[in-house]
Amino acid sequence: MTLEDYFGIGRTITLGSYLFESEAIKAFARKYDPQPFHVDEEAARNSVFGRLCASGWHTTAVWMKLNLAFRGEAWAGRGPAPEFGPSPGFKNLKWLKPVYAGETVTFTRMAQDLRPLASRPGWRILTLHSEGFDSTGDKVIEFDSAVLVKAG
């Protein structure tokens, strides 16, 4: 299997789904984004959101968790796994719709390109477009990112 096959260049891959439960929303927010509409149900009811919703950083972190889990499962039993390096970052991050307590979000990613990295022989840069959709099919998050990859 080539790296191009493994990453499915041009193909959208479903990474998995996650149920955003109220206690998990509050626990994440207390640690990382303690705004009232993420940590207090009464405050959330009186906010622009009208009820408790997940931090955008929470939705982004869940994408990362599912992406890493998928990465391990997809390569299992197919020879030496590629080596992953750091990410040079992401851009165009958009939190398009609140993710309310009780909502399940399904996350996807599409590998857009895999090209040699001139400054690091043997390494390539993988660019991704990622999205998350709620149970009604509405997009709630999207962003573009990149990661360094070396064939295993």
Side-chain heavy atoms nearer than 4.5 Å, only ILVMFWY residues, links allowed to pass through others: does that put [X] and [Y] together?
{"X": "W95", "Y": "F37", "answer": "no"}
{"X": "F49", "Y": "V99", "answer": "no"}
{"X": "L19", "Y": "M64", "answer": "no"}
{"X": "Y18", "Y": "W57", "answer": "yes"}

Just list the side-chain donor-acceptor pairs under 3.5 Å for residues 106-126, sequence neighbours left out, or say none.
residue, atom, partner, partner atom, Å
T106, OG1, S17, OG, 2.7
R109, NH1, F7, O, 3.2
R124, NH1, E4, OE2, 2.6

| field | Minimum heavy-atom distance between I25 and Y100, given as atom pair plus value | value |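 Here I25 and Y100 meet closest at CD1-C, 4.3 Å.
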| field | Shortest non-hydrogen separation from A146 to P88 and the atoms involved | value | O-CD, 3.4 Å
| Which residue, T104, L52, D134, V62, forms the side-chain contact (heavy atoms from CB on, under 4.5 Å) with F20? |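 It is V62; the other options fail the test.
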| request: Begin from the C-alpha positions of F84 and L148 and carry the test side chain to side chain contact (heavy atoms under 4.5 Å, CB included) through to its verdict. | output: CA-CA 6 Å; F84 288 85; L148 300 182; over 6 Å; no
| query | Under the side-chain hydrogen bond (donor to acceptor under 3.5 Å, both in side chains) rule, what pairs show up with a residue in residues 40-55, not counting sequence neighbours? | reply | K26-E41, D33-S55, E42-R45, E42-N46
| Taking the inter-plane angle between the rings of F28 and Y32 on a 0 to 90° scale, is it parallel (under 30°), tilted (30 to 60°) or perpendicular (over 60°)? | tilted
| message | Quick one: does any side-chain atom of S87 pair with a main-chain N or O of G89 as donor and acceptor, under 3.5 Å? | response |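 Side chain of S87 to backbone of G89, a donor-acceptor pair under 3.5 Å: yes, one is there.
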| task | Just jot down the side-chain contact (heavy atoms from CB on, under 4.5 Å) partners of K139, sequence neighbours excluded, or say none. | result | L96, E131, F133, E142
| field | Electrostatic pair D138-K97, nearest N-O below 4.0 angstrom | value | yes
